[in-house]
Amino acid sequence: MKYLEAIRLALAELLADDQRVFIYGQDIAGPFGGAFKATKGLSERFPGRVLNSPISEDAMTGLAIGAAMDGMRPIVEYQFADFASVAFNQLVNHAGSIFYRTGRPCPIVARLPVGGTPGGGPFHCQMPETWLSNHPGLVVVAPATVADAYFMLKDAVACRDPVAFLEHKYLYYHLEAEFDPRVAEHPGLGRAVVRRQGDDLTIVAYSGMVHHATAAAAVLESDHNISAEVVDLRCVRPLDEETILASLARTGRIIIASEGFPFGGPTAEVAALVAEKGFAYLDAPPVRLAARDTPIPFHPELFAEHHPDDQAIVQAALELAKY
Amino acid sequence: MRVAIRMPQLGEAAAEATVVSWLVQPGQAVKAEQELVEVQTEKSLLTVAAPADGVLVEISAKPGDVLKVGEVLGHVGDPAAQAAPATPALANVHDVGAPPKPRAPRPNQLRPSGRSGDDGGRIAPPSLMAGSGERSFLSPRVRAKVAESGLKTSDLSFITGTGAGGRITAADIDRYLAHGEPMPPIRQAVAAAMTRSWTRPLATVATSVQVDSVLAHRRTVAGRPSLTVYALRALALGLKAGSPFAKRLYGNRMHTPGTIDLAVAVEVGDGVLTPVIRKVDELGLPELTTAVEDVIEKARAGKMADAGEAVASVSNYGVFGLTWATPIPLPGHSVILGLSAPQNQPEWNPATKTWDRVRRIELTLTFDHRIADGGDAARLINRIAEFISKPERL
């Protein structure tokens, strides 16, 4: 099953199991089925519950918030996470603060296709977790596996808080895994997972970067005799501090990798966590790997240079290991 | 053609450096100026760059080897030249096919190991910057480990660091802790004090003195003072009479204490305690006898009566029957006076023209040569000997 298919399966089951669930977004109804076909076939199976919205992220988010406050479980699909900046006010000022202000939950799920693809350019590749996770009240998740895409989407809909659900566009069709929802493991929202165990250093990543991290760990092991542990955050906010610190306590060295921009964000947050609460575990300064501090280039070769990949993580790990 | 990779001139002072690690393996292609091998001088961790494009065909210096400036670390050349006979490591042989000529290192052949150039917006990994590879660097993790395991910073000098630049790692500490048990605290204290003291230039002068008069004199004094008491008193008066060894050294500063305070060595359990007796020059023999007995009793009971700063001490190694020894002055002390066991010796008596039996002891005076010289030590020990031979003056 592909990552996108796991999302579609979860959506179908959510619609089938819970009458409060509906999906709202631009061009998501049949026959188009959304920009990435996540909802393909769903409007036909669930008439009136997979609804096209006007081309206004602001409006569609506001409608979903109202519905959620009135007892519904709306799932909002944004064509690209970049465009959710138009709904920033609705997400952080309204959805994020409603429970605090009124005592009424606001259980919306914002499905945000994130991450870079070659030729995507500055408005179709960005990572929104830094600006979304800075605001209290939002849960921000970034599944990296087929199983997580399925289960975390279900958990997101079950969650009484508004959830930003970051789906990596590259993984949609490129990540495929044997997956049986009946037997797959299912850690809850807010838990990080050790994807690969190691002794010499820890690589923390989330979303698509997890795959670069595990590929780098394999190279480090086979070519350099360095045993790297990979921690998949899964959930950017809340952050699973315990799992990160436990891994660092074993290894003493940490790399935090993301394809987001370098200023602030989860990489900085984990580095701060490590400095504040994990100082006595450190053998070397924490290393942050992030995208370059420029808008994302169109040209595939420039794009390839713009964000960290397996090779960048391997290089950083070699430096770190000898510190 | 093979081009030798030579140890470049490493700053102004360093004449040699230790190979830390090769960044490139034999058989790999290298570019001129590419960083090839990390070397450690006393001051910093540096990298040596490739002298030419080619393939690293041979490594002749392995990690841990110490090479002088100009010696050969390895060779860059054609892959075909790999079959060429190996150049003996460290030998002063000329390169195959290359005319022998001294090579000045190119200015940029040596550069601090680490990050170079603009890295765009990417957040750079930490690098081993020049100088950061010192043994003395302890990571937060290692510091925590040291504290947790009850080690002292001074213990770290006994641990071999296997990390970058010889740094101590948490695993090195585990390996160290796996050996035996900690020295008892008193042994650790003695070891630390003796090591500290031993870093000074110490020298010993000696003389012998007859002690019949002292041994007779002590029967007339309340409390029957021991030889140690006489020696303490003689040392105090000798120091007071203008000896430069009455001074203490603090770094490069000389301090003259207002009083002559002396320490006595007391053997207890696993080690030696050195309680201090204040103003020895102002105490008569009976008072000094009481004071010495008092501090010995307290020390043996595990109580340090006075662990303050003294300027010198007395060690009566004669109680072990020894005829000669060179005890080490305590840290901060200028001298230590040693007493041997009394020996029966014949002495020619010109008045009676007979050989008489006399009892003599050897006096040894080990001194801190930074404070004063052999002549000063000789004058001090002679004065002490004179006091001991004429105990009525004490």
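All values below were derived from every heavy atom in this structure, side-chain atoms included, with hydrogens, water molecules and symmetry-related copies excluded.
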Can you tell me which portion of A:Leu248 sits under 4.5 Å from chain B's heavy atoms? Options are side chain, backbone, both or neither.
backbone
Would you indicate whether A:Asp223, at its atom CG, is surrounded by more than 12 heavy atoms from other residues, nucleotides or ligands within a distance under 6.0 Å?
yes
Backbone N/O of A:Ala284 and side chain of B:Ser139: donor-acceptor pair under 3.5 Å:
no
Take atom CD in B:Gln28; do more than 12 heavy atoms of anything else shown fall under 6.0 Å from it?
yes
I'd like to check A:Lys322 versus B:Leu23 (side-chain heavy atoms, cut-off strictly below 4.5 Å). Are they in contact?
yes
Measure A:Ala321 against the heavy atoms of chain B and call it side chain, backbone, both or neither at under 4.5 Å.
neither
If you count the non-hydrogen atoms of other residues, nucleotides and ligands that lie under 6.0 Å from OH in A:Tyr173, is the total more than 12?
yes
Neighbour count >12 (heavy atoms, 6.0 Å) for atom CZ, A:Phe83
yes
Check: B:Arg141 side chain, A:Ala249 main-chain N or O, donor-acceptor pair, under 3.5 Å
yes
Most heavy-atom pairs under 4.5 angstrom with chain A, which of B:Ala144, B:Ser21, B:Pro140?
B:Pro140
Flag yes if more than 12 heavy atoms outside A:Glu269 fall under 6.0 Å of its CD atom; otherwise flag no.
no
